[in-house]
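Okay, structure first, notes after.
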Amino acid sequence: MKRNTGVITGALFIFTLSHASLLALPTLEHISDPGLDLATAGAVSSRGSVIVGQAVNWQGEAPEELVYHFDKSYDVTSETITTLGAMPQGGRAFRATAVSGNGAVVSGITGGGVAYRWEPETGDSSLIWNLGNVTDISNDGSVIIGTSGPFAGIIYWWENNFLLQLDPPAGFDRGVPYGINGAGTIMVGGCWNLSGEGGGEAFLYTTSGMSSLGKPEGHESAAAHDVNHDGSVVVGTSIEKVLLMNDQEVQRKRAVLFKDATITVLDRGEHIESEAVGVSGDGAIIVGHVRDEFFRWFAAIWERQPDGSYMLQLTDDLFQESESSLKTATAISEDGTTIVGSGSFNGVDGIGRLRLDVTPWEGAAMDSGSSGVDPIQESLLGTVNIQFDPWWYSYTLETYIYASEEAETDQGGWFFIPAPAGP
């Protein structure tokens, strides 16, 4: 039975709530203003509706750099964009690099080089350390990680207004944290020695302490960029020296997976370089990008297979006849449904949001008070307005609900689960 895409009001249906798959339609959106000269996505919330980043408009007497907070809700098609103003000190905020899982906290760096914490709903803002940057935030915004300048290599852990400076693993004197799990209990990054001896290695930090994850055998260095919810899947990038046919030696990036005490170099297909930048909360989807010999980058997805291996797919393959393309990936939402990054959209460069055709991981962050996506089994009678197909509003449930194609039957039985309340 095909879904009716019109608007139906005043009709009566019987709803049976059961545990059905929540399937997001595969779509690629250009979400940044086409008039901007530069726009980059810094991070995405757990459910994919809040995206933060930076935008630059070079028109006028002086270049204007703006921090954009994109908020596109599940139940409406409108979009709001908020521009950060001045911070209490340290200059104007000009780059947003992280957003909490529930979308309530945004962080980044000010024009004065100070890491900030901002709550869009309340407007509250604060500066949390000098000469540094934020790299990730926990789901509830209570834990923020980051670093000092690009070469100082100080590891910062900010929790509930208390700032800690953590030492790198034994044998290293510098480090940069890149990712934290949703609960704010596991952090990953890269460490190295200022002398340059031995190369860099990926590290993992838990309440038990700091430890090195190492690097692939024969590679120069490695760093971990993201970790799933329980720390069982860590992804990152290593550097490998490659000898070309003309005997020239070059360094190439390789996407790597740290799992079960082993390090695996992920498939890059026919491409010569790859990077892994994010992983879903359940560890099933890894995102990054690959580069060909003509220095062209393509956003990439590695999806976990039944045997535990990961299969590579380029996002371009999802939209082969489209004039739009996602070139690099910045992050993936914790539920695994949304990838954000940079691309070209009908000839205009900007920020893209790709919604995947996958079943969301239900452990991703929700708004406080939400019961999650597991429905209650119950028969209901009410009216449905399907204007925002496939998100339908139920006046009986007083919420938007998602109906997948697979949930419909010719007999008129309808299987729904409530739309996620969180971002």
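The shown structure was predicted, so the numbers you read here are calculated from the model rather than taken from an experiment. Count residues from 1 along the sequence.
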One should read off an interatomic distance between S142 OG and N160 CG, to the nearest 0.5 angstrom, of 5.0 Å
Answer yes or no: is there a donor N or O on one side and an acceptor on the other, between the side chain of T330 and the main chain of A41, under 3.5 Å? yes
Any side-chain heavy-atom pair of P169 and S211 under 4.5 Å: no
Run the side chain to side chain contact (heavy atoms under 4.5 Å, CB included) test on E159 and L164 for me, step by step, so that the C-alpha distance in whole Å, both residues' side-chain angles and the decisive distance to 0.1 Å come before the verdict. CA-CA 8 Å; E159 185 168 3; L164 290 175; 5.9 Å; no
With a 4.5 Å limit on heavy-atom distance, are the side chains of L257 and Y310 in contact? yes
Does the S125 side chain pair with the main chain of W118, one donor and one acceptor, at a distance under 3.5 Å? no
For D124, is there any backbone N or O sitting under 3.5 Å from a side-chain donor or acceptor partner on T122? yes
Just by distance, do the side chain of H225 and the backbone of G189 share a donor-acceptor pair under 3.5 Å? no
Is T237 reaching over with its side chain to a backbone N or O of K253, donor-acceptor style, under 3.5 angstrom? no
Go through it in stages, so that I can follow the logic: the residues are T315 and F298, the test is side chain to side chain contact (heavy atoms under 4.5 Å, CB included), and I'd like the CA-CA distance, side-chain angles, deciding distance and then a yes or no. CA-CA 7 Å; T315 58; F298 305 89; over 6 Å; no
Got a sec, which residues hit side chain to side chain donor-acceptor pair (under 3.5 Å) with S232, two or more places apart in sequence or on another chain? N228, D230
Any side-chain heavy atom of R353 within less than 4.5 Å of one from I51? yes
Name all pairs fulfilling the salt bridge (Lys or Arg N to Asp or Glu O under 4.0 Å) condition that reach into residues 277-295, sequence neighbours left out, sorted by first residue then second. E273-R291, D292-R296
Provide the closest heavy-atom pair for V134 versus A98 in the form atom of the first, atom of the second, distance. CG1-CB, 3.8 Å
Under 3.5 Å, is there a donor-acceptor pair between the side chain of S280 and the main chain of G336? no
Non-hydrogen atoms of F258 and G236 that approach each other most closely: CE1-N, 4.4 Å
Work out which heavy atom in L314 is nearest to a heavy atom in A300; give both atom names and the distance. CD2-CB, 4.0 Å
Do the side chains of T97 and N133 get nearer than 4.5 Å, heavy atoms only? yes
Donor-acceptor side-chain pairing of T337 and R355 below 3.5 angstrom: yes
Centres of the W157 and F162 rings: under 6.0 Å? no
Which pairs count as ring-ring contact (aromatic ring centres under 6.0 Å, His included) when at least one residue sits in residues 273-294, sequence neighbours excluded? H289-W297
Looking only at atom types and distance, does a side-chain atom of T135 sit under 3.5 Å from a main-chain N or O of P177, one as donor and one as acceptor? yes
Taking every non-hydrogen atom, the tightest pair across V99 and S45: CG1-N, 3.6 Å
Under 3.5 Å donor-acceptor pairs involving side-chain atoms of residues 259-270, not counting sequence neighbours:
from, atom 1, to, atom 2, distance (Å)
T262, OG1, K259, O, 2.7
D267, OD1, G269, N, 2.8
R268, NE, H271, O, 2.8

Nearest 0.5 Å, what's the CD1-SG distance between I155 and C191? 7.5 Å
Within this structure, what is the CG-NZ distance for the pair D349 and K327, rounded to the nearest 0.5 Å? 9.5 Å
Report yes if some heavy atom in the side chain of V235 is under 4.5 Å from a heavy atom in the side chain of V227; otherwise report no. no
Which pairs count as ring-ring contact (aromatic ring centres under 6.0 Å, His included) when at least one residue sits in residues 228-256, sequence neighbours excluded? H229-W361
What distance separates L166 CG from T147 OG1, expressed to the nearest 0.5 Å? 11.0 Å
Strictly below 4.0 Å, N to O, side chains only: are K215 and E201 in salt-bridge contact? no
Measure from the side-chain N and O atoms of Q305 to the backbone N and O of E303, and report whether any donor-acceptor pair falls under 3.5 Å. yes
Are E240 and R252 ion-paired here, with the side-chain N under 4.0 Å from a carboxylate O? no
By the salt bridge (Lys or Arg N to Asp or Glu O under 4.0 Å) test, which pairs, at least two apart or in different chains, include something from residues 304-318? none
Would you say M210 and D167 make side-chain contact, with heavy atoms under 4.5 Å? no
Hey, could you give me the CZ/CD1 distance between F295 and I272, rounded to the nearest 0.5 Å? 6.5 Å
From N139, T338, D335, residue fulfilling side chain to side chain donor-acceptor pair (under 3.5 Å) relative to S46: N139
Do N346 and S324 have side-chain heavy atoms sitting under 4.5 Å apart? yes
Mind listing the closest non-hydrogen atom pair of I145 and W129 along with its distance? C-CH2, 3.8 Å
Does S148 use its side chain to pair, donor to acceptor, with the backbone of I154 at less than 3.5 Å? yes
Could you measure the distance from the CD1 atom of I144 to the CD1 atom of I137? Nearest 0.5 Å is fine. 5.0 Å
Between G278 and D226, the two heavy atoms sitting closest are CA-OD2, 3.3 Å
For the residue pair I301 and L356, establish whether any side-chain heavy-atom pair is separated by less than 4.5 Å. yes
